[in-house]
Amino acid sequence: MLNVRWMKQLCMVLAIVMVVSLLAACGNGNSANSSKETSAPTSDTPSNKADTAKDEVAAEPNAKSNEEYKGEIVLWSWEPEHPTALKAFHEKYPNIKLKVVNNGAGDILTKLQTTISSGGELPDVIRIERDSKVRIFDMDIFENLEEAPYSADASLLFDFDRETFSKDGHLIAIPDDMSISGLAYIKDLAKEYLGSDNPEELEAMYPDWNSLIEKGKEVVQKSNGEVKLFPGLGDVHTIIRAQRKEPYFDGDKLNISALTETIKSLVAFRDSGTVDKLDQWTPAWNASFGQSKYIFAISPIWMPQYVIGANDKAEGRWGLMVPPAGGYIKGGSSHAIPKGAKNKELAWKWIEFSSLTQEGADSLKADGVFTHFKQAYDNPEFAKWTWPNFGSQDIGEKYFVDIAAVTSDVSENVNDIILGDAMGIVLQTLTKDKSFGVDQALERVKKEIKAKEPKIIIE
């Protein structure tokens, strides 16, 4: 009996040893499978093993190493991609190539339409310029970037980006270059005619457009008409239309009250005599930056380098301030991935790296481009930026801290393009005909809109 009892106990011990060995083998197998990205826990308790299994399932879609992303991205763009950012991207993803197919900014829409109608192959990424954005977005051909496998986090962008780059409530493009805008001014003119060349003092002295218009009348009188506030009504329109708090359209219905407020402001500037008659982007308008005829200039973030700096070689002559009524958005581009793209995963790696990481933000800044990656500006050193025309002023802090804090954006749709064409005609008429007032301008806008798009509701 003693031998039988001993044999049973021995069998039980052996069974326990076998079970423990099997559990240990399973644990070692899991550790080997996850060694590229994660390390296995040291404890072999059942609860830890369950947690490890869950973690491995969750991590599986991202289990690739950077070297394992291989292939070529085709990008439609009107400019070469940022060289420093592209070099940094290739260092991180050495087996992803980027092929840029050049198209004019205004030609992207036409090429998209032609390619789709002919059944042609769409690129993996498209750079979209703001002026044509609403028409391109309306085509409904882009991926929802907030869904897997992209899972874009909108909170990484500025608050005013969310609505601007969304369709049907979700992001379909990620903004590339910053387009936040302020008000540039010639310092010696501001000091002589406005009472200060200090940006914070000017902001306190002229918090709204009415106060600036009243001062502008004095400027014109004191200078015998030689100095005015702005080169033309187009500059004023650029700012005040972008500062509006309501969209011009709710679907196909025109917001008459919002449009009326814009036109009233334009007429007020025109009637004050504080604005000249230069059309934007003409040779005379460009030349005005090197002159001393106009105190103010529109100043999107790309303006110091590409417009003011290109037309005025003098250093330290300009200042930058928050505009009356706050900041505004002018220009800028974004990247989107077509639903029919062949290499969506690789395309996202480029967008994610360049626009949603600190590494991408640093490399873009080296190329003179400022990202929409909000966290980057938490570092004062990153936000710091000077430009020769503005002397020692930290215009980076002015843009990214002061102006950004009072900037908003509004949604637009394809009807805004039609309204923009109509307003172009109205601006020309306002400039040439002083008897052309608010009521006449509204009627002309309605007439132009109805002629081009009868479905628009005007009440």
Side-chain angles (χ1 to χ4, degrees), residues 181-240 265-266 268-328 330 386-395 397-399 402-403 431:
S181 306
L183 193 61
Y185 59 92
I186 296 176
K187 289 190 289 189
D188 60 349
L189 293 180
K191 190 169 186 176
E192 179 178 357
Y193 292 104
L194 302 183
S196 176
D197 62 357
N198 178 277
E200 287 74 30
E201 290 179 2
L202 289 170
E203 291 159 8
M205 292 163 65
Y206 307 106
D208 54 57
W209 291 114
N210 287 334
S211 60
L212 188 60
I213 287 175
E214 290 305 310
K215 187 63 177 181
K217 293 177 184 178
E218 295 179 18
V219 171
V220 174
Q221 184 177 16
K222 184 178 179 180
S223 68
N224 294 318
E226 295 297 317
V227 177
K228 297 188 176 184
L229 296 182
F230 289 97
L233 275 180
D235 300 87
V236 176
H237 184 236
T238 293
I239 301 173
I240 61 175
S265 295
L266 291 172
F269 267 102
R270 191 271 315 270
D271 291 348
S272 71
T274 62
V275 180
D276 211 342
K277 299 180 179 182
L278 299 186
D279 291 332
Q280 287 181 309
W281 314 112
T282 60
W285 184 83
N286 286 326
S288 71
F289 293 98
Q291 301 166 353
S292 294
K293 294 181 178 181
Y294 313 111
I295 298 176
F296 294 108
I298 61 170
S299 192
I301 197 168
W302 39 266
M303 196 85 170
Q305 181 175 358
Y306 296 107
V307 182
I308 294 176
N311 293 287
D312 185 2
K313 302 306 179 184
E315 295 188 5
R317 201 166 79 99
W318 291 82
L320 180 69
M321 62 180 285
V322 178
Y328 58 101
K330 171 62 179 172
T386 59
W387 192 256
N389 298 93
F390 293 80
S392 60
Q393 183 185 6
D394 186 352
I395 59 174
E397 182 180 14
K398 182 58 66 176
Y399 275 119
D402 298 350
I403 297 174
T431 299

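Only a predicted model underlies this, so the values are computations on that prediction, with no experimental measurement involved. The chain is numbered in sequence order, starting from 1.
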For this session: Report the C-alpha separation of Thr238 and Asp235 in whole Å, then their side-chain angles, then the decisive distance to 0.1 Å, and conclude whether the side chain to side chain donor-acceptor pair (under 3.5 Å) test is met.
Result: CA-CA 5 Å; Thr238 293; Asp235 300 87; 6.0 Å; no

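- A heavy-atom distance below 4.5 Å is not found between the side chains of Pro304 and Asn389.
- Proximity of a side-chain donor or acceptor of Lys187 to a complementary backbone N or O of Gly316 within less than 3.5 Å is detected.
- Annotation for Val220 and Lys228: closest pair CG2-CG, 4.2 Å, computed over non-hydrogen atoms.
- Residue Met205 comes nearest to Leu194 through the heavy atom pair CE-O, 2.9 Å, listed as atom of the first residue, atom of the second, then distance.
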For this session: Would you check, one step at a time, whether the test side chain to side chain donor-acceptor pair (under 3.5 Å) holds for Tyr399 with Ser299?
Result: CA-CA 10 Å; Tyr399 275 119; Ser299 192; 2.9 Å; yes

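- Tyr206 contributes no side-chain N or O that, together with a main-chain N or O of Ile213, makes up a donor-acceptor pair within less than 3.5 Å.
- Contact check for Pro324 versus Leu183: side-chain heavy atoms found under the 4.5 Å cut-off.
- Distance alone, capped at 3.5 Å, places no donor-acceptor pair between the Tyr193 side chain and the Asp188 backbone.
- Atom CG in Asn286 sits 10.5 Å away from atom CD in Gln280 (nearest 0.5 Å).
- Considering only heavy atoms from C-beta on, Ser288 stays 4.5 Å or farther from Lys293 through its side chain.
- Across Gly319 and Phe390, no two heavy atoms sit closer than the pair O-CE2, 3.3 Å.
- A donor-acceptor pair under 3.5 Å is absent between the side-chain atoms of Asp312 and the main chain of Ile308, judged by distance alone.
- Taking the six-membered ring wherever Trp is involved, the centroid distance between the rings of Phe230 and Tyr294 does not fall below 6.0 Å.
- Nearest heavy atoms, Ala184 versus Trp318: CB-CE3, 3.8 Å.
- Atom OG of Ser181 and atom CD1 of Ile239 lie 8.5 Å apart (nearest 0.5 Å).
- When atom types are taken as modelled, the side chain of Asp394 and the backbone of Glu397 share a donor-acceptor pair closer than 3.5 angstrom.
- No donor-acceptor pair closer than 3.5 Å links the side chain of Tyr185 to the backbone N or O of Ala297.
- Here the side chains of Asp276 and Trp285 are not in contact, with every heavy-atom distance at 4.5 Å or above.
- For the side chain to side chain contact (heavy atoms under 4.5 Å, CB included) with Met321, the lone residue among Glu203, Lys398, Glu201, Glu200 that qualifies is Glu203.
- Met303 places a side-chain heavy atom less than 4.5 Å from the side chain of Phe289.
- Considering only heavy atoms from C-beta on, Leu266 comes within 4.5 Å of Leu233 through its side chain.
- Taking the side chain as every heavy atom from C-beta outward, Val227 and Ser292 never approach each other to under 4.5 Å.
- Using a 4.5 Å heavy-atom cutoff, the side chains of Ser392 and Thr386 are not in contact.
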